Asker: 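Dropping the structure in here first, questions after.
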Amino acid sequence: MARIILHVDMDSFYASVEELRNPDLKGKAIVTCMFSGRTKDSGAVSASNYKARELGIRSGMPIRAAKSLAKGKDVAFLPSDREYYWEVSSRVMQILRSYADQREGVSRRLQSMAFEQVSVDEAYLDVSRKAKGDWVKARKTAESIKKEVLEKERLTCSIGIGSNKLVAKMASKAQKPDGLTVVKDSEVRGFFENIPLSKLFGIGPKTLAGLEALGIKTTKELSEHDFKELEKALGSRKAKDLQDTSLGIDDSAVEEKEAQQISRMATLKKDSDDPKEIMEKIEELSEDVEKDLKEAGLHYKTISIILIDTRLQMQTRSRTTIESSSLKKNLDIAGELLEKFLSGNHESKLRRVGIRVSGFSQRKQRTLGEFPKA
DNA sequence: GCGGAGATGGACC
DNA sequence: CTAACGGGTCCATCTCCGC
(Lines give C-alpha, C1' and ligand atoms only; values in the text may rest on other atoms or scores of the structure.)
Protein backbone atom coordinates (compact mmCIF):
# COMPACT_ATOMS: atom_id res chain seq x y z
CA MET A 1 0.00 0.00 0.00
CA ALA A 2 1.18 3.50 -0.79
CA ARG A 3 2.28 5.34 2.33
CA ILE A 4 1.79 8.88 3.55
CA ILE A 5 4.40 10.09 6.01
CA LEU A 6 4.64 13.36 7.94
CA HIS A 7 7.90 14.83 9.16
CA VAL A 8 7.45 17.39 11.93
CA ASP A 9 10.31 19.73 12.71
CA MET A 10 10.01 22.26 15.53
CA ASP A 11 11.12 25.77 14.51
CA SER A 12 14.43 26.81 16.16
CA PHE A 13 13.32 24.74 19.10
CA TYR A 14 15.81 25.67 21.84
CA ALA A 15 15.59 29.37 21.12
CA SER A 16 11.78 29.32 20.89
CA VAL A 17 11.50 27.53 24.22
CA GLU A 18 13.76 30.12 25.83
CA GLU A 19 11.69 32.92 24.35
CA LEU A 20 8.58 31.45 25.98
CA ARG A 21 10.30 31.03 29.29
CA ASN A 22 11.35 34.65 29.50
CA PRO A 23 8.91 37.23 28.05
CA ASP A 24 11.67 39.85 28.05
CA LEU A 25 13.23 37.98 25.14
CA LYS A 26 10.19 38.26 22.91
CA GLY A 27 11.13 39.41 19.43
CA LYS A 28 14.86 39.40 20.20
CA ALA A 29 17.69 37.56 18.55
CA ILE A 30 18.38 34.53 20.73
CA VAL A 31 21.34 32.16 20.76
CA THR A 32 21.58 29.12 23.03
CA CYS A 33 25.10 27.99 23.82
CA MET A 34 27.03 25.04 25.19
CA PHE A 35 29.63 26.76 27.35
CA SER A 36 32.50 24.40 27.94
CA GLY A 37 33.51 26.35 31.03
CA ARG A 38 37.26 26.45 30.38
CA THR A 39 37.37 30.16 29.52
CA LYS A 40 34.67 32.76 29.26
CA ASP A 41 32.83 32.14 26.00
CA SER A 42 34.64 28.99 25.01
CA GLY A 43 32.11 26.59 23.57
CA ALA A 44 29.74 26.28 20.64
CA VAL A 45 26.34 27.53 19.58
CA SER A 46 23.64 24.88 19.87
CA ALA A 47 20.79 26.86 18.32
CA SER A 48 19.77 30.30 17.14
CA ASN A 49 16.40 31.78 16.23
CA TYR A 50 15.61 33.47 12.93
CA LYS A 51 16.52 36.94 14.16
CA ALA A 52 19.96 35.65 15.10
CA ARG A 53 20.32 33.71 11.86
CA GLU A 54 19.86 36.95 9.98
CA LEU A 55 23.20 37.96 11.48
CA GLY A 56 24.79 34.76 10.20
CA ILE A 57 24.77 32.97 13.54
CA ARG A 58 24.42 29.21 13.07
CA SER A 59 24.46 26.18 15.29
CA GLY A 60 27.84 24.56 15.69
CA MET A 61 29.88 27.73 15.36
CA PRO A 62 32.20 28.82 18.18
CA ILE A 63 30.48 31.15 20.63
CA ARG A 64 33.17 33.73 20.12
CA ALA A 65 32.56 33.72 16.38
CA ALA A 66 28.85 34.22 17.05
CA LYS A 67 29.57 37.08 19.45
CA SER A 68 31.75 38.81 16.93
CA LEU A 69 28.86 38.64 14.42
CA ALA A 70 26.56 40.02 17.10
CA LYS A 71 28.78 42.94 17.97
CA GLY A 72 26.77 46.10 18.56
CA LYS A 73 23.48 44.23 18.15
CA ASP A 74 20.96 43.23 20.77
CA VAL A 75 21.46 39.49 20.97
CA ALA A 76 20.70 37.27 23.96
CA PHE A 77 23.29 34.54 24.58
CA LEU A 78 21.85 31.91 26.91
CA PRO A 79 23.24 28.66 28.26
CA SER A 80 21.49 25.61 26.77
CA ASP A 81 19.22 23.95 29.29
CA ARG A 82 18.74 20.60 27.62
CA GLU A 83 16.92 19.00 30.49
CA TYR A 84 14.22 21.61 30.19
CA TYR A 85 14.04 21.31 26.41
CA TRP A 86 13.52 17.56 26.72
CA GLU A 87 10.73 18.20 29.17
CA VAL A 88 8.92 20.48 26.71
CA SER A 89 9.77 18.05 23.92
CA SER A 90 8.06 15.15 25.64
CA ARG A 91 4.82 17.13 25.84
CA VAL A 92 5.03 18.05 22.17
CA MET A 93 5.79 14.46 21.20
CA GLN A 94 2.78 13.26 23.12
CA ILE A 95 0.61 15.48 20.93
CA LEU A 96 2.30 14.35 17.71
CA ARG A 97 2.07 10.68 18.63
CA SER A 98 -1.69 10.92 19.00
CA TYR A 99 -2.03 11.77 15.30
CA ALA A 100 -0.10 8.77 13.98
CA ASP A 101 -1.66 5.53 12.80
CA GLN A 102 -2.22 2.76 15.24
CA ARG A 103 0.28 0.05 14.52
CA GLU A 104 -1.30 -3.04 13.03
CA GLY A 105 -2.04 -5.97 15.30
CA VAL A 106 -1.26 -4.19 18.52
CA SER A 107 -3.81 -3.94 21.30
CA ARG A 108 -5.26 -0.54 22.00
CA ARG A 109 -3.99 -0.55 25.56
CA LEU A 110 -0.33 -0.67 24.49
CA GLN A 111 -0.77 2.50 22.43
CA SER A 112 1.86 1.52 19.93
CA MET A 113 1.75 4.05 17.15
CA ALA A 114 3.47 4.32 13.79
CA PHE A 115 5.59 7.07 15.21
CA GLU A 116 9.32 7.77 15.38
CA GLN A 117 10.98 10.50 17.38
CA VAL A 118 14.37 11.19 15.82
CA SER A 119 15.67 13.95 18.06
CA VAL A 120 14.52 16.41 20.67
CA ASP A 121 12.66 18.43 18.05
CA GLU A 122 11.80 16.09 15.17
CA ALA A 123 9.50 13.17 14.51
CA TYR A 124 8.01 11.06 11.73
CA LEU A 125 4.37 10.02 11.71
CA ASP A 126 2.94 7.36 9.45
CA VAL A 127 -0.64 8.36 8.65
CA SER A 128 -1.20 6.00 5.71
CA ARG A 129 -4.20 4.28 7.22
CA LYS A 130 -5.88 7.40 8.52
CA ALA A 131 -5.36 9.34 5.29
CA LYS A 132 -6.22 6.39 3.03
CA GLY A 133 -4.09 7.72 0.19
CA ASP A 134 -5.75 11.12 0.33
CA TRP A 135 -3.16 13.93 0.33
CA VAL A 136 -5.79 16.51 1.24
CA LYS A 137 -6.67 14.51 4.32
CA ALA A 138 -2.99 14.31 5.24
CA ARG A 139 -2.63 18.05 4.84
CA LYS A 140 -5.61 18.60 7.13
CA THR A 141 -4.01 16.35 9.72
CA ALA A 142 -0.85 18.43 9.52
CA GLU A 143 -2.87 21.62 9.95
CA SER A 144 -4.54 20.17 13.03
CA ILE A 145 -1.17 19.21 14.47
CA LYS A 146 0.22 22.70 13.95
CA LYS A 147 -2.86 24.21 15.55
CA GLU A 148 -2.77 21.96 18.59
CA VAL A 149 0.96 22.40 19.19
CA LEU A 150 0.56 26.17 18.91
CA GLU A 151 -2.43 26.29 21.25
CA LYS A 152 -1.04 23.95 23.86
CA GLU A 153 2.65 24.84 23.78
CA ARG A 154 2.73 28.17 21.93
CA LEU A 155 5.32 26.75 19.55
CA THR A 156 5.38 26.62 15.77
CA CYS A 157 6.67 23.80 13.64
CA SER A 158 7.25 22.99 9.99
CA ILE A 159 5.74 19.86 8.48
CA GLY A 160 6.66 17.96 5.35
CA ILE A 161 4.44 15.34 3.75
CA GLY A 162 5.53 12.66 1.30
CA SER A 163 5.23 8.98 0.55
CA ASN A 164 8.43 8.11 2.43
CA LYS A 165 10.55 9.50 5.27
CA LEU A 166 13.18 11.04 3.00
CA VAL A 167 10.66 13.01 0.96
CA ALA A 168 8.82 14.11 4.11
CA LYS A 169 12.09 15.22 5.68
CA MET A 170 13.22 17.26 2.70
CA ALA A 171 9.71 18.70 2.36
CA SER A 172 9.67 19.95 5.94
CA LYS A 173 12.87 21.88 5.22
CA ALA A 174 11.40 23.48 2.10
CA GLN A 175 9.33 26.05 3.96
CA LYS A 176 10.37 27.34 7.34
CA PRO A 177 9.40 28.51 9.84
CA ASP A 178 5.75 27.59 10.32
CA GLY A 179 5.66 25.81 6.96
CA LEU A 180 3.59 23.02 5.49
CA THR A 181 4.80 21.35 2.31
CA VAL A 182 3.24 18.44 0.46
CA VAL A 183 5.31 16.61 -2.13
CA LYS A 184 3.21 14.06 -3.99
CA ASP A 185 4.85 11.21 -5.85
CA SER A 186 4.37 12.92 -9.20
CA GLU A 187 6.26 15.93 -7.84
CA VAL A 188 9.19 14.13 -6.25
CA ARG A 189 11.49 14.20 -9.26
CA GLY A 190 11.15 17.93 -9.84
CA PHE A 191 11.33 18.71 -6.15
CA PHE A 192 14.59 16.82 -5.66
CA GLU A 193 16.21 18.22 -8.79
CA ASN A 194 15.82 21.66 -7.26
CA ILE A 195 17.48 20.79 -3.97
CA PRO A 196 21.13 21.90 -3.84
CA LEU A 197 23.43 18.90 -3.49
CA SER A 198 24.79 20.24 -0.22
CA LYS A 199 21.30 20.29 1.32
CA LEU A 200 20.51 16.70 0.49
CA PHE A 201 20.05 14.47 3.54
CA GLY A 202 23.17 12.40 4.13
CA ILE A 203 25.55 14.65 2.19
CA GLY A 204 27.99 16.47 4.43
CA PRO A 205 31.17 18.38 3.57
CA LYS A 206 33.29 15.28 2.89
CA THR A 207 30.83 13.58 0.58
CA LEU A 208 30.17 16.88 -1.18
CA ALA A 209 33.86 17.28 -1.88
CA GLY A 210 34.08 13.69 -3.10
CA LEU A 211 31.21 14.23 -5.52
CA GLU A 212 32.67 17.48 -6.74
CA ALA A 213 35.87 15.63 -7.53
CA LEU A 214 33.79 13.47 -9.86
CA GLY A 215 32.39 16.56 -11.51
CA ILE A 216 29.01 16.20 -9.82
CA LYS A 217 27.65 19.56 -8.77
CA THR A 218 23.86 19.12 -8.67
CA THR A 219 21.33 16.62 -7.40
CA LYS A 220 20.20 15.99 -10.95
CA GLU A 221 23.75 15.22 -12.03
CA LEU A 222 24.09 12.82 -9.11
CA SER A 223 20.93 10.98 -10.10
CA GLU A 224 22.10 10.64 -13.71
CA HIS A 225 25.73 9.81 -13.01
CA ASP A 226 27.10 6.48 -14.15
CA PHE A 227 26.60 4.10 -11.24
CA LYS A 228 29.72 2.07 -11.89
CA GLU A 229 31.90 5.14 -11.65
CA LEU A 230 30.16 6.30 -8.49
CA GLU A 231 30.61 2.83 -7.05
CA LYS A 232 34.31 2.77 -7.86
CA ALA A 233 34.86 6.08 -6.07
CA LEU A 234 32.63 5.64 -3.02
CA GLY A 235 31.84 1.95 -2.58
CA SER A 236 28.69 0.16 -3.58
CA ARG A 237 26.62 0.88 -0.50
CA LYS A 238 27.33 4.58 -0.44
CA ALA A 239 26.84 4.88 -4.19
CA LYS A 240 23.46 3.19 -4.01
CA ASP A 241 22.36 5.25 -1.01
CA LEU A 242 23.38 8.50 -2.65
CA GLN A 243 21.69 7.78 -5.91
CA ASP A 244 18.50 6.66 -4.15
CA THR A 245 18.58 9.85 -2.08
CA SER A 246 19.00 12.01 -5.17
CA LEU A 247 15.79 10.49 -6.55
CA GLY A 248 13.79 10.65 -3.32
CA ILE A 249 13.80 6.87 -2.95
CA ASP A 250 13.55 5.44 0.57
CA ASP A 251 11.65 2.49 1.95
CA SER A 252 12.65 2.61 5.62
CA ALA A 253 9.86 2.13 8.12
CA VAL A 254 8.55 4.63 10.61
CA GLU A 255 9.38 2.88 13.85
CA GLU A 256 10.82 3.69 17.24
CA LYS A 257 14.44 2.51 17.41
CA GLU A 258 16.02 0.85 20.42
CA ALA A 259 18.97 2.78 21.85
CA GLN A 260 22.31 1.34 20.75
CA GLN A 261 24.61 3.32 23.02
CA ILE A 262 24.66 5.80 25.86
CA SER A 263 27.52 8.26 26.21
CA ARG A 264 28.60 11.38 28.04
CA MET A 265 31.38 13.76 27.13
CA ALA A 266 32.83 16.87 28.70
CA THR A 267 35.59 19.38 28.25
CA LEU A 268 38.37 19.38 30.83
CA LYS A 269 39.02 22.61 32.74
CA LYS A 270 42.51 22.54 31.25
CA ASP A 271 44.37 20.26 28.86
CA SER A 272 45.77 17.27 30.70
CA ASP A 273 47.76 14.07 30.42
CA ASP A 274 47.39 13.20 34.06
CA PRO A 275 45.41 9.96 34.41
CA LYS A 276 44.20 10.89 37.90
CA GLU A 277 42.78 14.18 36.74
CA ILE A 278 41.21 12.65 33.66
CA MET A 279 39.67 9.73 35.54
CA GLU A 280 38.02 12.14 37.92
CA LYS A 281 36.08 13.59 35.01
CA ILE A 282 35.32 10.18 33.57
CA GLU A 283 33.97 9.00 36.91
CA GLU A 284 31.76 12.04 37.09
CA LEU A 285 30.39 11.36 33.63
CA SER A 286 29.88 7.69 34.35
CA GLU A 287 27.47 8.48 37.15
CA ASP A 288 25.26 10.17 34.62
CA VAL A 289 25.48 7.23 32.26
CA GLU A 290 24.71 4.90 35.14
CA LYS A 291 21.49 6.80 35.80
CA ASP A 292 20.32 6.45 32.20
CA LEU A 293 21.26 2.80 32.23
CA LYS A 294 19.19 2.14 35.31
CA GLU A 295 16.22 4.10 34.04
CA ALA A 296 16.15 2.14 30.81
CA GLY A 297 16.78 -1.14 32.61
CA LEU A 298 19.67 -1.91 30.29
CA HIS A 299 22.71 -4.11 30.61
CA TYR A 300 25.74 -3.41 28.48
CA LYS A 301 28.70 -5.46 27.31
CA THR A 302 31.10 -2.88 25.91
CA ILE A 303 32.66 0.10 27.62
CA SER A 304 34.56 2.76 25.68
CA ILE A 305 36.47 5.87 26.53
CA ILE A 306 36.47 8.77 24.10
CA LEU A 307 39.54 10.98 23.98
CA ILE A 308 39.86 14.28 22.16
CA ASP A 309 43.27 15.90 22.10
CA THR A 310 44.28 19.54 21.87
CA ARG A 311 44.11 19.41 18.07
CA LEU A 312 40.51 18.19 18.38
CA GLN A 313 41.43 14.76 17.05
CA MET A 314 39.19 12.05 18.48
CA GLN A 315 40.25 8.57 19.45
CA THR A 316 38.37 5.79 21.19
CA ARG A 317 39.44 2.75 23.19
CA SER A 318 37.02 0.05 24.15
CA ARG A 319 36.72 -3.33 25.80
CA THR A 320 33.97 -5.90 25.77
CA THR A 321 33.34 -7.58 29.09
CA ILE A 322 30.78 -9.79 30.68
CA GLU A 323 27.30 -8.33 30.71
CA SER A 324 26.89 -5.74 33.41
CA SER A 325 24.55 -3.01 34.53
CA SER A 326 26.96 -1.30 36.85
CA LEU A 327 29.41 1.06 35.28
CA LYS A 328 30.93 1.87 38.64
CA LYS A 329 32.15 -1.71 38.93
CA ASN A 330 33.83 -1.41 35.55
CA LEU A 331 35.50 1.95 35.98
CA ASP A 332 38.81 0.19 36.51
CA ILE A 333 38.53 -0.96 32.90
CA ALA A 334 38.16 2.63 31.77
CA GLY A 335 41.19 3.44 33.89
CA GLU A 336 43.24 0.69 32.28
CA LEU A 337 42.26 1.80 28.80
CA LEU A 338 43.25 5.35 29.65
CA GLU A 339 46.60 4.39 31.23
CA LYS A 340 47.44 2.29 28.23
CA PHE A 341 46.57 5.08 25.84
CA LEU A 342 48.58 7.68 27.74
CA SER A 343 51.65 5.47 28.02
CA GLY A 344 51.60 5.05 24.25
CA ASN A 345 50.93 8.71 23.50
CA HIS A 346 53.33 10.79 25.57
CA GLU A 347 53.13 13.78 23.29
CA SER A 348 49.38 14.29 23.34
CA LYS A 349 47.34 16.15 25.91
CA LEU A 350 43.58 15.78 26.18
CA ARG A 351 41.04 18.54 25.88
CA ARG A 352 37.78 16.58 26.11
CA VAL A 353 36.98 13.13 27.38
CA GLY A 354 33.96 10.89 27.41
CA ILE A 355 32.61 7.50 28.32
CA ARG A 356 30.25 5.26 26.41
CA VAL A 357 28.48 1.97 26.97
CA SER A 358 27.05 -0.14 24.18
CA GLY A 359 26.22 -3.71 23.23
CA PHE A 360 22.96 -3.80 25.14
CA SER A 361 21.36 -7.13 25.78
CA GLN A 362 18.15 -7.84 23.95
CA ARG A 363 15.69 -8.05 26.76
CA LYS A 364 12.89 -6.28 25.00
CA GLN A 365 9.54 -7.98 25.41
CA ARG A 366 7.97 -8.85 22.13
CA THR A 367 4.61 -7.27 21.52
CA LEU A 368 1.77 -9.17 19.93
CA GLY A 369 2.26 -7.51 16.58
CA GLU A 370 5.78 -8.81 16.32
CA PHE A 371 4.98 -12.47 16.62
CA PRO A 372 5.17 -14.22 13.29
CA LYS A 373 1.85 -14.70 11.62
CA ALA A 374 0.49 -18.21 12.05
C1' DG B 1 33.44 -16.73 4.31
C1' DC B 2 31.42 -15.13 8.77
C1' DG B 3 31.03 -13.55 13.28
C1' DG B 4 32.54 -10.40 16.95
C1' DA B 5 35.64 -7.02 18.67
C1' DG B 6 37.99 -2.75 18.21
C1' DA B 7 38.76 1.48 15.87
C1' DT B 8 37.79 5.24 12.56
C1' DG B 9 35.08 8.44 9.96
C1' DG B 10 30.96 10.84 8.23
C1' DA B 11 26.61 12.71 9.12
C1' DC B 12 22.79 14.93 11.60
C1' DC B 13 20.70 17.69 15.33
C1' DC C 1 44.14 40.48 12.49
C1' DT C 2 42.74 35.73 12.80
C1' DA C 3 40.84 32.19 15.03
C1' DA C 4 37.94 31.06 17.93
C1' DC C 5 35.33 24.94 18.75
C1' DG C 6 29.78 21.03 22.22
C1' DG C 7 27.71 17.05 23.19
C1' DG C 8 25.03 13.14 21.71
C1' DT C 9 23.66 9.43 18.53
C1' DC C 10 23.62 6.38 14.45
C1' DC C 11 25.69 3.87 10.83
C1' DA C 12 29.17 2.11 7.56
C1' DT C 13 33.62 0.37 6.91
C1' DC C 14 38.10 -1.56 7.79
C1' DT C 15 41.19 -4.72 10.16
C1' DC C 16 42.16 -8.49 12.85
C1' DC C 17 41.18 -12.88 14.60
C1' DG C 18 39.19 -17.42 15.51
C1' DC C 19 36.29 -20.74 13.58
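We name chains A, B, ... by the order of the sequence lines, and we start the count at 1 in each one. Keep in mind that what you see is a predicted model, and the values were worked out from it rather than measured.
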Asker: For C:dG7 and A:T267 - does any side-chain N or O of the residue sit under 4.0 Å from the phosphate oxygens OP1/OP2?
Answerer: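 Answer is yes, contact under 4.0 Å.
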
Asker: Within the structure, does a side-chain N or O atom of A:R351 lie under 4.0 Å from either OP1 or OP2 of C:dG6?
Answerer: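 Indeed, a polar side-chain atom of A:R351 lies that close.
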
Asker: Have a look at A:A266 and say if it touches a base, only the backbone sugar-phosphate, or nothing, with a 4.0 Å heavy-atom cut-off.
Answerer: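 Counting heavy atoms under 4.0 Å across all strands, the contact made by A:A266 is with sugar-phosphate only.
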
Asker: Considering every strand and a 4.0 Å limit on heavy-atom distances, what is the contact class for A:F35: base, sugar-phosphate, or nothing?
Answerer: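 Nothing, no nucleic acid heavy atom in range.
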
Asker: Where the side chain of A:M265 is concerned, which of C:dT9, C:dG6, C:dG8 is the nearest nucleotide?
Answerer: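 Side chain of A:M265 sits closest to C:dG8.
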
Asker: Could you tell me whether A:D292 and A:R264 make a salt bridge, using a distance below 4.0 angstrom between a side-chain N and a carboxylate O?
Answerer: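 So A:D292 pairs with A:R264 through a salt bridge.
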
Asker: Give me the distances for all protein-to-nucleotides 11-19 of chain C N/O pairs that come in under 3.5 Å?
Answerer:
unit_1 : atom_1 : unit_2 : atom_2 : d
C:dA12 : OP1    : A:R237 : NH2    : 2.8

Asker: Just by distance, no angles: are the side chains of A:D11 and A:S158 close enough, under 3.5 Å, to form a donor-acceptor pair?
Answerer: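 Their side chains do contain a donor-acceptor pair, which is all the 3.5 Å distance test asks for.
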
Asker: Counting any heavy atom closer than 4.0 Å, what does A:G359 reach on the DNA or RNA strands: base, sugar-phosphate only, or nothing?
Answerer: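 Answer is nothing: A:G359 stays at 4.0 Å or more from every strand.
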
Asker: Nearest-nucleotide wise, let me know which of A:S42 and A:L285 is further upstream toward the 5' end of DNA chain C.
Answerer: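 Its nearest nucleotide lies further toward 5', so the answer is A:S42.
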
Asker: May I ask you to check whether A:Y85 and A:Y14 place their ring centres under 6.0 Å from each other?
Answerer: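 Yes, the ring centres sit under 6.0 Å apart.
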
Asker: Rounded to whole Å, please give me the gap between NZ in A:K269 and C1' in C:dG6.
Answerer: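 It is 14 Å, rounded to the nearest whole Å.
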
Asker: What are the 5'-most and 3'-most nucleotides of DNA chain B lying under 4.0 Å from any heavy atom of chain A?
Answerer: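 Listed 5' to 3', the contact boundaries are B:dA5 to B:dC13.
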
Asker: How long is the line joining CG of A:D288 and C1' of C:dG7, in whole Å?
Answerer: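 Computing the A:D288:CG to C:dG7:C1' distance gives 12 Å.
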
Asker: Send over the distance from A:M314 CE to C:dG8 P, rounded to a whole Å.
Answerer: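 A:M314 atom CE is separated from C:dG8 atom P by 13 Å.
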
Asker: Think A:R264 has a side-chain N or O under 4.0 angstrom from the OP1 or OP2 of C:dG8?
Answerer: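 Indeed, a polar side-chain atom of A:R264 lies that close.
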
Asker: Looking at every strand, decide which applies to A:I63 at a 4.0 Å heavy-atom threshold: base, sugar-phosphate, or nothing.
Answerer: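 The residue A:I63 makes no contact with any strand.
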
Asker: Is any side-chain N of the basic residue among A:E256 and A:R97 closer than 4.0 Å to the acidic one's carboxylate O?
Answerer: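 Result for this pair is yes, salt bridge flagged.
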
Asker: Students often get this wrong, so: under 4.0 angstrom with heavy atoms, is A:K169 touching a base, only sugar-phosphate, or nothing?
Answerer: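 Since only primed, P, OP1 and OP2 atoms lie under 4.0 Å of A:K169, the category is sugar-phosphate.
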
Asker: Mind checking if A:I306 touches a base, just sugar-phosphate, or nothing, with heavy atoms under 4.0 Å?
Answerer: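 Touches nothing.
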
Asker: Quickly work out the A:D121 CG to C:dT9 P distance and round it to whole Å.
Answerer: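 Atom-to-atom, A:D121 to C:dT9, this comes out as 15 Å.
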
Asker: Show your reasoning for whether side-chain hydrogen bond (donor to acceptor under 3.5 Å, both in side chains) applies to A:T32 and A:S46.
Answerer: CA-CA 6 Å; A:T32 62; A:S46 48; 3.0 Å; yes

Asker: Which one of A:R352, A:R38, A:K349, A:R311 satisfies the salt bridge (charged side-chain N to carboxylate O under 4.0 Å, His left out) criterion with A:D271?
Answerer: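 Answer to the salt bridge (charged side-chain N to carboxylate O under 4.0 Å, His left out) test with A:D271 among A:R352, A:R38, A:K349, A:R311: A:R38.
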
Asker: A:E83 CD to C:dG8 P: how many Å, rounded?
Answerer: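 A:E83 atom CD is separated from C:dG8 atom P by 12 Å.
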
Asker: In whole Å, I'd like the distance from the CE atom of A:M34 to the C1' atom of C:dG8.
Answerer: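 Atom CE in A:M34 sits about 10 Å away from atom C1' in C:dG8.
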
Asker: Let me know the distance between CZ of A:R356 and C1' of C:dT9, rounded to the nearest Å.
Answerer: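 Result: 9 Å.
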
Asker: Heavy atoms only, 4.0 Å cut-off, all strands: where does A:T320 land among base, sugar-phosphate and nothing?
Answerer: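 A:T320: backbone/sugar contact only, no base atoms under 4.0 Å.
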
Asker: Within a radius of less than 6.0 Å around NZ of A:K220, do more than 12 heavy atoms belonging to other residues, nucleotides or ligands occur?
Answerer: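 No, because the 6.0 Å sphere around NZ of A:K220 holds 12 heavy atoms or fewer from other groups.
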
Asker: Using the C1' atoms only, state how far C:dG6 lies from B:dC12, rounded to an integer number of Å.
Answerer: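 It comes out at 14 Å once rounded to the nearest Å.
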
Asker: Would you indicate whether A:I322, at its atom CD1, is surrounded by more than 12 heavy atoms from other residues, nucleotides or ligands within a distance under 6.0 Å?
Answerer: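 Counting neighbours around CD1 of A:I322, 12 or fewer heavy atoms of other residues, nucleotides or ligands fall under 6.0 Å, so no.
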
Asker: Would you say that more than 12 heavy atoms from the other residues, nucleotides or ligands in this model lie under 6.0 Å from the NZ of A:K228, or not?
Answerer: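 Open.
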
Asker: Surrounding CZ of A:R21 (heavy atoms of other residues, nucleotides or ligands, distance under 6.0 Å), is the total greater than 12?
Answerer: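 Yes, the 6.0 Å shell around CZ holds more than 12 heavy atoms from other groups.
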
Asker: To the nearest Å, give me how far apart CG (A:L69) and P (C:dA3) are.
Answerer: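 These atoms are roughly 14 Å apart.
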
Asker: Any chance NZ of A:K176 has more than 12 other-residue heavy atoms, nucleotides or ligands included, within less than 6.0 Å?
Answerer: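 Counting neighbours around NZ of A:K176, more than 12 heavy atoms of other residues, nucleotides or ligands fall under 6.0 Å, so yes.
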
